[in-house]
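Below you'll find the structure, written out as C-alpha cells, and then a few comments.
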Amino acid sequence: MSIKSFAAQLFAKIIHYKTQKWVSNPIQTQQNVFKDLIRQAENTQFGIDHQFSEIYTPEDFVNHVPIRDYEELKPYVDRVVNGEENVLWKGKPIYFAKTSGTTSGAKYIPLTKDSMPFHIEAARNAILNYIHETGKTDFVNGKMIFLQGSPILEEKNGIKLGRLSGIVAHFVPKYLQKNRMPSWETNCIDDWETKVDTIVEETIQEDMAVISGIPSWVQMYFEKLHQKGGKPVGEIFKNFNLFIYGGVNYEPYRAKFENLIGRKVDSIELFPASEGFFAYQDSQKEKGMLLLLNSGIFYEFVKSEEFFNENPKRYTIGEVELDVNYVLIISTNAGLWSYNIGDTVQFTSLKPYRVIVSSRIKHYISAFGEHVIGKEVEHALQLAMENTSIRVNEFTVAPQIAPENGLPYHEWFIEFENEPNNLEDFALTIDNAMRKQNVYYDDLIVGKVLRTLVITKVSKNGFQEYMKSIGKLGGQNKLPRLSNDRKIADQLS
C-alpha cells in the first residue's frame with residue numbers, strides 16, 4: 001500500500017467518525033444549525049426586516065419568513081450585487097455563482113466565507129466515505145478528471161463570479177493538483193465541444209482512475225474517447241473504477257455507460273447546487289444519498305401536492321415520511337432564507353436520512369391533471385429497457401394537447417443508441433409502467449382522455465444540437481426530463 005493510500009484510509013476513518021456524531025443525532029443537529037443561522041443573521045437587513053430577534057423556533061420562522069424563489073428574493077440579492085454589506089448575511093459574499101435565470105436573466109447566488117467550505121468538504125467527504133465503506137484506495141494513485149465549467153472568473157463590485165464548478169476549481173487541494181486533469185489551460189476553454197476534444201487529446205494516454213461530471217456530458221467525452229481510441233473506455237483506462245456524478249439521475253444512462261466502458265464501475269452520486277451541497281451517496285448497498293444536516297443549511301419540506309396551496313405546511317426533518325414527494329426548502333449560511341431551489345426529493349431512509357432527487361417542481365406534466373414527475377418517467381423507461389439490448393442516449397417528455405387526429409397524448413422524444421424492433425410495443429411497455437406508478441395517468445387512459453404515449457425518435461446528437469442552439473451545451477446545464485408545454489418539443493419535432 002502506498003503512503004497516499006494509507007493516509008487516505010486514515011483520513012477516511014476520522015471523517016466517518018465525525019459524520020456519525022451528527023448522523024446519530026439528526027434532529028438536535030438541525031436545531032443547532034437553525035439557531036446558529038438565525039443568531040448570526042439577526043442584524044442583517046433581511047434579519048431586521050423579518051424580525052429575527054423574535055424568532056426562536058421553526059414555528060416562529062414560518063410565521064416571519066415566507067417561502068421565496070429567486071425572483072422573490074431578487075430585490076435583496078440585487079442590493080448585495082450592487083455592493084451593499086450585511087444584507088442577507090453578515091458582510092459581503094466572497095463569490096457569486098452565476099446561473100441562468102428563467103425570467104430575470106442571470107441569477108447571482110451568493111457564496112460566503114461560511115458557506116464555501118461546505119461545498120468543498122462535502123465533495124471530499126463523499127470520496128472518503130466511499131474509501132471507508134469499501135476499503136478501496138488504489139484510485140488515489142491514478143489521475144482524476146472533473147468535467148466542469150471554466151475557472152475564469154469575472155468580477156462585479158469587488159466580488160468574483162462564475163459557474164460554481166469553475167469557482168470550485170480554485171479550491172482543489174494541493175495534494176490532488178498533480179493527479180488532477182485536464183490542464184488549467186484546457187479547463188479554461190469556453191466552447192464545450194472544443195474543450196471535450198482537447199480533454200480527449202490530453203487524457204487518452206493517461207492513467208485515469210476517477211472520472212466525474214454530469215452524466216450527459218461525460219457520455220459525450222466517453223463517445224469521443226471510444227471514437228479516437230477504437231476500444232471501450234475501460235480498456236483505454238484500465239484502472240478506471242470510480243465514476244462520480246450529480247445533476248441528473250444516472251439510471252437512464254447506466255446501460256449506455258456500461259457499454260461504452262465495457263464493464264461495470266463503482267459510482268458515487270452527489271447532490272450539489274449553487275445554493276448548497278445537500279447530499280452524497282454514503283452507501284454502495286443502500287438506495288439514496290445522505291442528507292447533510294450539519295453543513296450550515298436548515299431544511300424545510302413541503303409536500304408537492306400542497307405546494308401551490310396558500311400557506312402550505314412546512315415540515316422539519318423530524319416530521320418527514322418515506323416515499324412522499326417533498327419540495328426542498330433551504331435556509332443557509334450564504335443568506336438564502338426559506339428558499340425554494342426547485343428540486344423535489346423523496347426519503348428512502350429515515351435512519352439515517354437519505355433522499356433521492358425525484359423531480360423539479362417546475363418540471364412536471366399536468367396538462368390533464370396527471371401530476372407526472374421526473375422520477376416516474378425515468379423509472380418507466382428503465383423498466384422498459386430491462387433485459388433488452390435497447391439503450392437510450394437522452395430523452396424528454398411533453399404533452400401533445402391538440403393532435404391533428406385522435407386523443408391527446410404524452411409525446412416522448414428519445415434519442416436511441418440501440419432502438420427497439422417494434423417502437424409501438426416499446427411505447428406500450430413504457431405506458432404500462434407509467435400507469436402502474438401514477439393513478440391519475442391511469443385514470444386518464446382508462447377514461448379515454450389520453451391515448452397511449454407516442455415516441456418520436458430524435459436523430460443522433462439531436463439533443464446536443466438543441467442544447468447548443470440555446471447556448472447551454474456542456475457545463476452544469478441539464479436537459480429537463482419533463483415540460484408542461486411544448487417549447488422544447490417544438491424545437492425537436
Side-chain angles (χ1 to χ4, degrees), residues 33-34 37-38 40-55 58-90 92-93 95-112 114-115 156-157 159 161 164 273-276 278 296-316 325-345 357 359-364 366 476 480 483-485:
V33 170
F34 171 76
L37 290 174
I38 296 299
Q40 290 206 58
E42 193 171 325
N43 295 317
T44 64
Q45 189 59 57
F46 190 94
I48 294 168
D49 291 348
H50 294 81
Q51 299 173 306
F52 275 23
S53 61
E54 299 178 12
I55 295 175
E59 291 76 19
D60 295 337
F61 188 65
V62 168
N63 292 330
H64 285 81
V65 184
I67 295 172
R68 289 178 167 92
D69 60 16
Y70 184 83
E71 311 305 327
E72 292 163 314
L73 195 66
K74 189 173 182 293
Y76 285 99
V77 177
D78 285 346
R79 293 172 64 176
V80 181
V81 172
N82 289 335
E84 285 191 47
E85 296 186 6
N86 303 314
V87 178
L88 287 165
W89 191 251
K90 56 190 180 182
K92 287 184 179 183
Y95 296 99
F96 288 116
K98 186 178 180 182
T99 67
S100 300
T102 53
T103 61
S104 61
K107 292 166 59 177
Y108 296 92
I109 306 298
L111 298 166
T112 66
D114 296 298
S115 71
K156 201 172 187 70
N157 293 320
I159 300 173
L161 63 96
L164 176 64
S274 300
E275 296 86 352
F278 307 121
I297 302 171
F298 175 67
Y299 297 96
E300 297 174 281
F301 308 89
V302 178
K303 292 181 179 179
S304 293
E305 66 266 25
E306 300 174 1
F307 183 73
F308 294 105
N309 297 347
E310 188 174 353
N311 298 319
K313 179 171 173 54
R314 288 149 66 173
Y315 299 87
T316 55
N325 209 44
Y326 292 104
V327 180
L328 185 62
I329 308 298
I330 61 169
S331 297
T332 78
N333 54 7
L336 302 176
W337 299 104
S338 290
Y339 185 87
N340 170 23
I341 67 168
D343 285 316
T344 64
V345 299
V357 181
S359 190
R360 295 278 294 170
I361 194 62
K362 293 182 179 180
H363 295 166
Y364 61 92
S366 199
Q476 294 168 265
S483 303
N484 205 37
D485 55 42

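- The structure places CG of Asn86 at 7.5 Å from OG1 of Thr44, a figure rounded to the nearest 0.5 Å.
- Side-chain atoms of Asp69 never come within 3.5 Å of backbone atoms of Asn340 as a donor-acceptor pair (strictly under, hydrogens ignored).
- The line from OH of Tyr315 to CD1 of Ile329 is 13.0 Å long, rounded to the nearest 0.5 Å.
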For Ile159 and Tyr108, run side-chain contact (heavy atoms from CB on, under 4.5 Å): C-alpha distance rounded to whole Å, both residues' side-chain angles, the deciding distance at 0.1 Å, then the answer. CA-CA 11 Å; Ile159 300 173; Tyr108 296 92; over 6 Å; no

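- Residues Gly83 and Asn157 come closest through the heavy atom pair N-ND2, 4.0 Å.
- Scanning all heavy atoms of the two residues, the minimum distance from Asp60 to His64 falls at O-ND1, 2.9 Å.
- Taking the side chain to side chain contact (heavy atoms under 4.5 Å, CB included) definition, one finds that Asn43 meets it with nothing, sequence neighbours left out.
- Between Ser115 atom OG and Tyr95 atom OH the span is 11.0 Å, to the nearest 0.5 Å.
- For Phe298, the ring-ring contact (aromatic ring centres under 6.0 Å, His included) criterion is met by Phe34, not counting sequence neighbours.
- By the ring-ring contact (aromatic ring centres under 6.0 Å, His included) test, Tyr339 is found to be paired with no residue, residues two or more places apart in sequence or in another chain being considered.
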Would you check, one step at a time, whether the test side-chain contact (heavy atoms from CB on, under 4.5 Å) holds for Asp49 with Gln45? CA-CA 6 Å; Asp49 291 348; Gln45 189 59 57; 2.8 Å; yes

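- Trp337 approaches Gly335 most closely through the heavy-atom pair CD1-O, 3.3 Å.
- Side-chain contact between Lys98 and Lys107: absent, with no pair of heavy atoms (C-beta onward) separated by less than 4.5 Å.
- In this structure, Glu275 has no side-chain hydrogen bond (donor to acceptor under 3.5 Å, both in side chains) partners at least two apart in sequence or on a different chain.
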Could you please spell out the steps behind the side-chain hydrogen bond (donor to acceptor under 3.5 Å, both in side chains) verdict for Glu300 and Ser338? CA-CA 8 Å; Glu300 297 174 281; Ser338 290; 3.3 Å; yes

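- Not a single salt bridge (Lys or Arg N to Asp or Glu O under 4.0 Å) links Arg68 to another residue, sequence neighbours left out.
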How far apart are the C-alpha atoms of Tyr326 and Tyr299, what are their side-chain angles, what is the distance that settles it, and do they pass the side-chain contact (heavy atoms from CB on, under 4.5 Å) test? CA-CA 11 Å; Tyr326 292 104; Tyr299 297 96; over 6 Å; no

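- Using modelled atom types and a 3.5 Å distance limit, the side chains of Glu59 and Asn63 yield no donor-acceptor pair.
- Looking at Ser483, its side chain never comes within 3.5 Å of a backbone N or O of Asp485 through a donor-acceptor pair.
- Residues satisfying the salt bridge (Lys or Arg N to Asp or Glu O under 4.0 Å) criterion with Asp78, sequence neighbours excluded, are Lys74.
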So Phe61 and Ile38, side-chain contact (heavy atoms from CB on, under 4.5 Å) or not? Walk me through it. CA-CA 9 Å; Phe61 188 65; Ile38 296 299; 3.8 Å; yes

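- In this view, His50 and Phe46 satisfy the ring-ring contact (aromatic ring centres under 6.0 Å, His included) rule, not counting sequence neighbours.
- Within 6.0 Å of the NZ atom in Lys313, the count of heavy atoms belonging to other residues, nucleotides or ligands exceeds 12.
- Separating the OG1 atom in Thr332 from the CG atom in Leu111 is a distance of 9.0 Å, to the nearest 0.5 Å.
- Residue Leu164 comes nearest to Ala273 through the heavy atom pair CD2-O, 3.4 Å, listed as atom of the first residue, atom of the second, then distance.
- Partners of Glu72 under the side-chain hydrogen bond (donor to acceptor under 3.5 Å, both in side chains) rule, at least two apart in sequence or in another chain, do not exist in this structure.
- Rounding to the nearest 0.5 Å gives a distance of 7.0 Å between CG of Leu336 and CG of Leu88.
- Heavy-atom minimum distance, Ile297 versus Gly276: CD1-CA, 4.2 Å.
- In this view, Glu85 satisfies the side-chain hydrogen bond (donor to acceptor under 3.5 Å, both in side chains) rule with no residue, not counting sequence neighbours.
- Applying the side-chain hydrogen bond (donor to acceptor under 3.5 Å, both in side chains) criterion to Asn484, with sequence neighbours excluded, gives no partner residue.
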Indicate every side-chain donor-acceptor pair of residues 301-310 with a distance under 3.5 Å to a residue at least two apart or in another chain.
from   : atom 1 : to     : atom 2 : distance (Å)
Ser304 : OG     : Asn325 : O      : 3.1
Ser304 : OG     : Asn325 : ND2    : 2.9

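- At least one side-chain heavy atom of Asp114 sits under 4.5 Å from a side-chain heavy atom of Lys90.
- Judged by distance alone, the side chain of Thr112 and the main-chain N or O of Asn333 form a donor-acceptor pair under 3.5 Å.
- From Leu37, atom CG reaches atom CZ of Phe52 across 8.5 Å, with rounding to the nearest 0.5 Å.
- Counting only residues at least two apart or in different chains, salt bridge (charged side-chain N to carboxylate O under 4.0 Å, His left out) contacts with residues 330-343 comprise Asp343-Arg360.
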